[in-house]
Asks: 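Once you've had a glance at the structure underneath, I'll fire off some questions.
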Amino acid sequence: GGGGGGARMRGGHVPAVRPAAGIAPEMLARRREVVFQLEINWSLIAKLAFLVFLLYDEEHPNRLYGLVLGAIVVYLWQIGKLDGLKRMIQTFAPRTANLV
């Protein structure tokens, strides 16, 4: 019979998964590793969700989208996932000693 599914072939062995063309297996492993390194700070999420709840008025749904997007950016900024952006802003921002 046919059916049954699964990746096993005759003889009981499982065929090796071929990596995508032109991408080294080490790069694929590193990409998977980066995807799963996102930390979850539940207290920060709760605070931001409460802030969105306080600032949202039900008349304008676009305001909700903006608040949620802002909360996501603040969350990523606070957990350090936007460090490259922080460095870029600090590089181009004027020095406070030069302003006086």
Asks: Testing the basics here: between L82 and V73, what is the closest heavy-atom pair and its distance to 0.1 Å?
Replies: CD1-O, 3.8 Å
Asks: Show every donor-acceptor pair shorter than 3.5 Å between a side-chain atom in residues 51-62 and any protein atom, with sequence neighbours excluded, or say none if there are none.
Replies:
none

Asks: When hydrophobic residues are tied together by side-chain contacts of less than 4.5 Å, even through go-betweens, does I89 share a cluster with F92?
Replies: yes
Asks: Could you tell me the separation between the CD1 atom of I72 and the CG atom of L67, rounded to the nearest 0.5 Å?
Replies: 11.0 Å
Asks: Please determine whether residues I45 and Y65 belong to a single hydrophobic cluster, defined as Ile, Leu, Val, Met, Phe, Trp and Tyr linked transitively by side-chain heavy-atom distances below 4.5 Å.
Replies: no
Asks: Once salt bridge (Lys or Arg N to Asp or Glu O under 4.0 Å) is applied, do any residues pair with K47, and if so which ones, sequence neighbours excluded?
Replies: none
Asks: side-chain contact (heavy atoms from CB on, under 4.5 Å) between I40 and Y75: does it pass, once the steps are laid out?
Replies: CA-CA 10 Å; I40 297 177; Y75 179 77; 4.2 Å; yes
Asks: Could you work out, with side chain to side chain donor-acceptor pair (under 3.5 Å) as the rule, every residue matching T91, not counting sequence neighbours?
Replies: none
Asks: Could you give the distance from CE (M88) to CG (D83), rounded to the nearest 0.5 Å?
Replies: 12.5 Å
